[in-house]
Amino acid sequence: MQTLPFLIDNTWTTGSGQPFASINPADGSVLATVAGASAADVDAAVAAARQAFAAPAWRDLKPHERASLLYRMSDLMTQQQEALAVLQMQDNGKTLSECRAQVASAASTFRYYAAACETFESPVTPSRGAYWTVTLYEPIGVVAAITPWNSPVTLEAQKLAPILAAGNTVVLKPSDVTPMMGLAYARLALEAGFPPGVVNVITGGAETGRQLIEHPGIAMVSFTGGTATGRLIAKTCGAALKPVALELGGKSPNIVFADADLKKAIAGTAEGIFSGAGQSCIAGSRIFVQQAIYDRFLEGLRQYAEGYRMGAPDQADTRMGPLASFKHRDHVHRYVEVGRSEGAQVLTGGFIPTDPALSQGAYYPATILAGVSNASRVCQEEIFGPVAVVLPFADESDLIAQANDSDFGLASGIWTSDFSRAWRVARALETGTVWINTYKQLSITTPFGGVKDSGIGAEKGLQGMRVYMHSKGLYWGLS
Ligand code: NAD
């Protein structure tokens with residue numbers, strides 16, 4: 001099998017690091033052998049991006065010219081939607097329908113930041129003296145973008161589009177579990193016509209990521225991934241006084257009050273945890289249910305979970321494909337065993353399938369745990385799989401205390417028919433996003449980020465572009 005190269009300075013290269021395999025988690029087959037970047041390759045990618053940042057071919061592009069490259073990325077993605085969706089499905093195991101939706105969403109992310117780029121204005125700020133002042137927003141330089149494996153096509157678009165719209169150059173390092181979309185973005189950037197060195201994509205694991213963020217030529221780091229890795233990266237960036245944006249893990253509470261529309265709440269909370277096989281930072285993995293409806297809700301959720309069909313990701317009736325890797329499937333199962341040892345009842349799921357149709361892949365069923373307290377490990381640690389823990393609560397104050405008793409603060413959901421209560425609880429929850437009578441709705445126009453151990457900064461929206469710029473105050477004397 002030919003080794004897939006990565007892209008530095010608009011040139012494909014297999015570099016000098018150790019190649020690695022990208023595995024299709026649906027059947028364990030090798031999808032591709034991918035080149036691994038060495039320290040010398042990291043140096044070369046950063047040098048190319050630095051040179052491109054200073055070169056007139058990129059620096060002197062007018063905003064609408066820069067925008068036209070981003071529009072072109074969006075158009076290419078729309079034209080190639082099916083091929084890109086199949087590629088992500090094979091690399092990550094998500095269902096084809098989810099992959100199609102994610103490619104469409106990623107294409108619209110490029111369109112949104114193209115529009116933001118060409119309409120961006122620098123304000124004239126009020127002044128009192130014999131001068132006027134303008135605040136200029138300027139690109140920071142070479143941004144290192146590091147991404148996880150759970151939704152490569154959207155998460156990489158959320159970094160590449162605003163980084164480039166703001167006028168920076170970029171070195172992207174996708175996860176070594178799912179390198180294929182990052183390499184697809186390299187190909188699309190070449191096809192769209194970005195000047196050499198503006199978009200560089202190198203492939204490799206944690207060591208390549210570490211070398212990249214520690215590189216003195218990197219002006220800013222934008223990271224999405226686990227909280228432990230985020231903490232290490234923050235430490236390195238802190239020591240170097242390098243700006244850093246961190247989108248990290250979550251353990252989101254999804255809350256059902258007794259006055260909620262029960263059918264909608266069951267479907268909403270089930271989709272909140274089981275869609276994407278729970279491999280989502282915003283998965284509603286702690287489901288809090290008011291005591292009066294606890295038993296009825298639990299029975300409804302169990303039935304919903306048992307109807308959540310696991311199967312090959314390209315089949316139309318599949319609701320849940322395999323997890324992204326065998327290693328991760330085993331990690332999820334270990335957490336269910338931790339739950340059992342903590343006294344949890346496993347109401348459904350909780351096993352590695354032995355059915356021959358599924359045992360070749362990294363499948364894991366929709367799983368519900370109950371009977372443990374919010375202090376248990378399965379409630380406090382991110383499992384990142386299709387595992388819901390259901391907990392009862394008495395009243396609003398008990399709920400808020402339990403929901404906020406978490407190191408994480410990414411997202412939350414509230415199901416109620418009482419408008420005032422929804423407002424009160426939403427204000428009290430310590431999370432970056434709150435959904436009311438809906439869940440996992442996301443819009444490119446609305447900033448998204450976590451509080452507490454879920455991250456620093458926000459992606460999406462105009463704020464998601466501003467984060468890749470610094471301001472320069474310009475004072476013009478008039479006397
Ligand atoms: P991870 O932290 O293990 O890896 C993420 C990326 O960092 C990979 O590309 C990896 O190679 C790289 N990396 C690892 N160690 C590094 C180091 N020391 N220096 C530099 N780079 C390093 O995370 P993962 O397992 O790939 O992804 C799952 C995690 O991502 C979950 O915790 C999930 O909640 C989180 N996530 C967060 C968001 C969000 O928007 N908040 C979105 C998606 C996923």
Side-chain angles (χ1 to χ4, degrees), residues 6 17 20 22 34 36-37 39 42 91-92 94 102 109 144-159 171-182 201-215 218 221-237 240 242 244-252 273 276-285 323-325 327-329 331-332 335 381-385 406-411 431-433 440 442 444 446-460 464 467:
F6 46 78
F20 59 96
S22 179
V34 178
V42 171
D91 208 18
N92 167 283
K94 279 182 190 301
Q102 287 202 333
T109 297
I146 300 195
T147 49
W149 46 258
N150 63 311
S151 287
V153 74
T154 49
L155 296 175
E156 284 157 17
Q158 269 164 232
K159 298 208 184 299
V171 181
L172 167 70
K173 193 210 77 68
S175 166
D176 51 341
V177 180
T178 54
M180 304 302 276
M181 286 316 308
V201 178
I202 54 173
T203 40
E207 182 56 16
T208 308
R210 190 188 59 74
Q211 287 164 351
L212 183 61
I213 60 138
E214 287 179 358
H215 200 291
I218 292 294
V221 175
S222 177
F223 173 78
T224 300
T227 294
T229 316
R231 236 184 257 289
L232 283 176
I233 291 178
K235 210 168 156 187
T236 302
C237 291
K242 230 176 242 190
V244 60
L246 300 170
E247 298 287 340
L248 309 177
K251 192 77 193 177
S252 300
I273 178 67
Q279 301 168 113
S280 162
C281 53
I282 51 177
S285 48
L323 304 195
S325 71
K327 184 174 161 212
H328 187 60
R329 191 265 317 265
H331 164 89
V332 168
Y335 260 113
E381 297 173 22
E382 189 183 37
I383 300 176
F384 215 57
S406 171
D407 289 340
F408 296 108
L410 195 57
T431 63
T433 296
K440 266 192 164 183
L442 292 164
I444 186 60
T446 307
F448 172 88
V451 298
K452 304 197 312 198
D453 283 2
S454 291
I456 299 175
E459 294 195 324
K460 301 189 172 183
V467 83

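Every number for a ligand or one of its atoms is a count from 1 in the order of the listing.
You'll find the side chain of Glu156 reaches within 4.5 Å of the side chain of Pro174, heavy atoms only.
The contact set between ligand 1 and Gly209, taken as ligand atoms under 4.0 Å from a residue heavy atom, comprises 19 (N), 20 (C), 21 (N). Of all atoms in ligand 1, listed by their number and element, those nearer than 4.0 Å to a heavy atom of Cys281 are 34 (O), 36 (N), 37 (C), 38 (C), 39 (C), 40 (O), 41 (N), 42 (C), 43 (C), 44 (C). Under a 4.0 Å criterion applied to the non-hydrogen atoms of Gly205, ligand 1 contributes the atoms 11 (O). Atom numbering of ligand 1 starts at 1 in the shown order; those under 4.0 Å from a heavy atom of Phe448 are 40 (O). Within ligand 1, counting atoms from 1 as listed, the ones closer than 4.0 Å to a heavy atom of Asn150 are 43 (C), 44 (C). Taking a cut-off of under 4.0 Å to the non-hydrogen atoms of Gly226, the atoms of ligand 1 that pass are 1 (P), 2 (O), 23 (O), 29 (C), 30 (O), 32 (O). Atoms of ligand 1 found under 4.0 Å from any heavy atom of Leu410, numbered from 1 in the order shown, are 41 (N).
The closest side-chain donor-acceptor pair between Ser406 and Lys251, if any, does not fall under 3.5 angstrom. In the model, Lys159 has no side-chain atom that pairs as donor or acceptor with a side-chain atom of Thr147 under 3.5 Å. Between the side chains of Ser22 and Asp91, at least one donor N or O sits under 3.5 Å from an acceptor N or O.
For atom 18 (N) of ligand 1, the closest non-hydrogen atom on the protein side is Leu232 CD1, 4.0 Å. Looking only at heavy atoms of the protein, atom 12 (C) of ligand 1 is closest to Ile146 CG2, 3.7 Å. The single protein non-hydrogen atom nearest to atom 34 (O) of ligand 1 is Glu382 OE2, 2.6 Å, given as residue, atom name and distance. Among all protein heavy atoms, the one lying closest to atom 27 (O) of ligand 1 is Pro148 CB, 3.1 Å. The closest protein non-hydrogen atom to atom 8 (C) of ligand 1 is Thr147 O, 3.3 Å. Of all protein heavy atoms, the one lying nearest to atom 24 (P) of ligand 1 is Trp149 NE1, 3.5 Å. When only non-hydrogen protein atoms are considered, atom 28 (C) of ligand 1 lies nearest to Phe384 CE2, 3.7 Å.
With a 4.0 Å heavy-atom cut-off, ligand 1 is reached by the side chain of Ile233 but not by its N, CA, C or O. If you look at Glu459 next to ligand 1, there are no close heavy atoms at all, none under 4.0 Å. When heavy-atom distances to ligand 1 are checked against a 4.0 Å cut-off, Ile282 has no atom that comes that close, whether in backbone or side chain.
Below 30°, between 30° and 60°, or above 60°: for Tyr335 and His331 the angle between ring planes is above 60°, a perpendicular geometry.
Heavy-atom minimum distance, Phe384 versus Ser280: CE1-C, 3.4 Å. The two residues Leu248 and Cys281 come nearest to each other via the heavy atoms O-CB, 4.0 Å. When all heavy atoms of Ala324 and Trp149 are compared, the pair lying nearest together is CB-CE3, 3.4 Å.
The option from Thr229, Leu248, Leu212 that lies nearest to atom 14 (C) of ligand 1, judged by heavy atoms, is Thr229.
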Could you go through the side-chain contact (heavy atoms from CB on, under 4.5 Å) check for Lys440 and Ile282 one step at a time?
CA-CA 7 Å; Lys440 266 192 164 183; Ile282 51 177; 3.7 Å; yes
Hey, mind stepping through Arg210 and Glu207 against salt bridge (Lys or Arg N to Asp or Glu O under 4.0 Å) and telling me if it holds?
CA-CA 5 Å; Arg210 190 188 59 74; Glu207 182 56 16; 2.4 Å; yes
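At least one protein heavy atom sits closer than 4.0 Å to atom 36 (N) of ligand 1.
Considering backbone and side-chain N/O atoms, Lys173 comes within less than 3.5 Å of an N/O atom of ligand 1.
Lys94 places a side-chain N or O within 3.5 Å of a backbone atom of Asn150 that can act as its donor or acceptor partner. A donor-acceptor pair is defined here as one N or O able to donate and one able to accept, closer than 3.5 Å; such a pair exists between the side chain of Lys242 and the backbone of Ile213.
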